[in-house]
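I have placed the structure first, in the form of structure tokens, so that the comments after it can refer back to it.
Hydrogens, waters and symmetry mates play no part in the numbers below; they use all other heavy atoms, side chains included.
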Amino acid sequence: MEKMKKILILTAYYYPGFRSGGPQQSIMNMVEIFGNKCDFYILTHNHDLGIEKPYRNIQSDTWLEVGKAKVYYCSNNIYSFKFLKSFDGFDKIYLCEPYQMHSYKILLLNRINKIESQIYLATMGCFSKGAISKKKFKKKIFWITFKTLGLYKNIKWSFSSEFEKKDAIRVIGKKYIQEYLIAEDLPRKFLDLSEIKNTEKKKGYIKIVFLSRICEMKNLLQLITEVSKVKGNIIFDIYGTIEDKKYWNKCEKMLNKLPNNIVWKYKGTVESKDVLNVLVHYDIFCLPTLGENFGHVIYEALVAGCIPIISDRTPWNDLDDNHCGNIIPLKNKSMFVSILQRYIDMSSQEITYYQKKQCYMRKKNIKKVF
């Protein structure tokens, strides 16, 4: 019998955390699907994004069995070179996001031949136009430093799509991306989709949900602006980790100015396992994101029968073609308002047509992945 590959994944956050969103979900899905074929070891913080206290009932600084992986919950976020060097010897080391301290320290150790494992660097969407527009000067210093020190040599890049690869080439340069693989992000596997049903909708009434991290990248502020222009009785609920408090304060000010026909609520965070149970109660899921390398919540909206209206900055570029959602160019604000108004004016029977189309779309993606 062939020996199973030992793979070490370095990621800032992992289960039972849920606040960091898509990148963590991608890793959890990969472990769940391929955990019987590979030995996964995960090095991560012992707390969730934005939370200083360690996870309850989880022992730090030792290997623990967590699902199909062994997880090391580190109590010190600033990993030393000596500490990271002690993890050498795996067949592959998979680094999540170039800007994490553990990533560039491993890259430096690799550059000076102190690491024997094959290094993979996953960009996790950090080179999209939306992502690089934030803290661009600081990130530019990273790129120049990494290239000057040769940290991109003797590694393999991991992209989730051709789209993400092109972003990296545009930012880093083709000569620094010598070897790469394209591995699509894996959605969660839902065994019985037939049990997921949506609620009925009345004409002139709609329930809209935003479910994502609350930060500039997810573009909630623009969504609030556009929602304020539609007519009808609207329930507008917001879920997600408040990652940027200053940004949320701006959003709150706009929310408090919404007209009386729109009732909004911030309903806190949602654990990954509960996302479907939330989305199933809404008609429309809106995400005018500045950039996604996958977008797990878009997939889960399809599963839940919650019609996605999203920006043109994601890989989900065939929703319109399959009549199960809409892609709106970020600059075309009037288009967003008109499409949203169209759904508001639909009857229950009319909107059911789009929800049935979602069944085809989700089965198509499940078949492709599994």
Side-chain angles (χ1 to χ4, degrees), residues 5-35 38-52 54-55 58-80 83-88 90-110 115 117-127 131 142 155-160 164 181 183-188 213 215 217 241 243 271-273 292-297:
K5 297 286 187 183
K6 289 180 64 178
I7 300 173
L8 175 66
I9 300 173
L10 279 74
T11 180
Y13 307 103
Y14 194 67
Y15 180 85
F18 59 91
R19 294 169 177 266
S20 61
Q24 175 186 317
Q25 190 63 54
S26 294
I27 296 166
M28 290 170 60
N29 296 345
M30 179 171 64
V31 170
E32 177 61 27
I33 294 166
F34 297 113
C38 303
D39 281 332
F40 287 106
Y41 294 77
I42 297 169
L43 176 62
T44 187
H45 299 340
N46 68 345
H47 59 86
D48 204 355
L49 174 67
I51 305 294
E52 294 183 1
Y55 299 120
I58 288 183
Q59 186 178 355
S60 299
D61 304 322
T62 188
W63 289 109
L64 302 175
E65 295 279 351
V66 181
K68 296 180 180 179
K70 296 179 180 65
V71 183
Y72 192 104
Y73 294 97
C74 188
S75 60
N76 185 358
N77 295 348
I78 306 175
Y79 308 139
S80 68
F83 175 73
L84 291 173
K85 178 67 176 69
S86 70
F87 290 95
D88 192 19
F90 287 83
D91 295 297
K92 299 176 183 180
I93 295 179
Y94 190 84
L95 306 175
C96 298
E97 300 182 31
Y99 307 131
Q100 293 289 339
M101 183 176 292
H102 57 244
S103 292
Y104 64 75
K105 284 188 173 181
I106 287 286
L107 291 175
L108 186 56
L109 287 169
N110 182 63
I115 295 286
S117 306
Q118 173 65 62
I119 306 298
Y120 288 80
L121 178 60
T123 57
M124 298 291 190
C126 69
F127 294 132
F142 263 90
I155 69 167
K156 289 186 178 181
W157 294 78
S158 177
F159 304 117
S160 62
E164 191 175 25
L181 61 85
E184 293 185 11
D185 280 343
L186 298 170
R188 279 201 290 160
R213 290 179 291 120
C215 58
M217 189 69 183
T241 303
E243 186 173 302
E271 292 191 37
S272 300
K273 63 183 177 63
E292 301 290 327
N293 68 315
F294 181 68
H296 289 276
V297 70

Criterion side-chain contact (heavy atoms from CB on, under 4.5 Å) on Leu43 and Leu84, from CA distance to verdict:
CA-CA 10 Å; Leu43 176 62; Leu84 291 173; 4.1 Å; yes
Walk me through it: do Met30 and Phe40 pass the test side-chain contact (heavy atoms from CB on, under 4.5 Å)?
CA-CA 10 Å; Met30 179 171 64; Phe40 287 106; 4.2 Å; yes
Start with the C-alpha distance between Leu10 and Gln100, add both sets of side-chain angles, then the distance that settles side-chain contact (heavy atoms from CB on, under 4.5 Å), and finish with yes or no.
CA-CA 9 Å; Leu10 279 74; Gln100 293 289 339; over 6 Å; no
Hey, mind stepping through Cys126 and Glu97 against side-chain contact (heavy atoms from CB on, under 4.5 Å) and telling me if it holds?
CA-CA 7 Å; Cys126 69; Glu97 300 182 31; 5.6 Å; no
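If you take CG on Leu121 and CZ on Phe159, they are separated by 8.0 Å, rounding to the nearest 0.5 Å. For the atom pair NZ of Lys105 and CZ of Phe83, the computed distance is 10.5 Å after rounding to the nearest 0.5 Å. From Tyr14, atom OH reaches atom CD1 of Ile9 across 7.0 Å, with rounding to the nearest 0.5 Å. Summarising the geometry, atom NZ belonging to Lys85 is positioned 9.5 Å from atom CD1 belonging to Ile106; distances are rounded to the nearest 0.5 Å. In this structure, His296 NE2 and Ser272 OG are separated by 9.5 Å, a value rounded to the nearest 0.5 Å. To the nearest 0.5 Å, atom CD1 of residue Ile115 and atom CD1 of residue Ile93 are 5.0 Å apart.
With hydrogens and angles ignored, the 3.5 Å screen pairs a side-chain donor or acceptor of Thr44 with a backbone N or O of Ala12. For the pair Asp91 (side chain) and Gln118 (backbone), a donor-acceptor distance under 3.5 Å is absent. Judged purely by atom type and a 3.5 angstrom limit, Gln24 uses its side chain to pair as donor or acceptor with the backbone of Gly17. Proximity of a side-chain donor or acceptor of Asp48 to a complementary backbone N or O of Phe18 within less than 3.5 Å is detected. Judged by distance alone, the side chain of Asn29 and the main-chain N or O of Gln25 form a donor-acceptor pair under 3.5 Å. Looking at Ser103, its side chain never comes within 3.5 Å of a backbone N or O of Leu95 through a donor-acceptor pair.
Between Arg19 and Arg213, every side-chain heavy-atom pair lies at or beyond the 4.5 Å cut-off. Within the 4.5 Å cutoff, no side-chain heavy atoms of Ile7 are placed close to those of Phe34. Under the 4.5 Å side-chain criterion, counting only non-hydrogen atoms from C-beta, Val31 is not in contact with Tyr15. No side-chain heavy atom of Leu8 sits less than 4.5 Å from a side-chain heavy atom of Ser117. A 4.5 Å side-chain heavy-atom check between Pro98 and Phe127 finds at least one atom pair inside the cut-off. Tyr120 places a side-chain heavy atom less than 4.5 Å from the side chain of Leu181. In this structure, the side chains of Cys74 and Asp61 come closer than 4.5 Å at one or more pairs of heavy atoms.
For the ring pair (Phe, Tyr, Trp, His ring centres under 6.0 Å) test with Tyr41, the passing option among Trp63, Tyr72, Tyr94 is Trp63; the others fail.
More than 12 heavy-atom neighbours from other residues, nucleotides or ligands sit within 6.0 angstrom of CD on Glu271.
Across every non-hydrogen atom of Met124 and Cys96, the tightest pair is CE-SG, 3.5 Å.
Using modelled atom types, one finds no donor on one side chain facing an acceptor on the other under 3.5 Å when comparing Tyr55 with His45.
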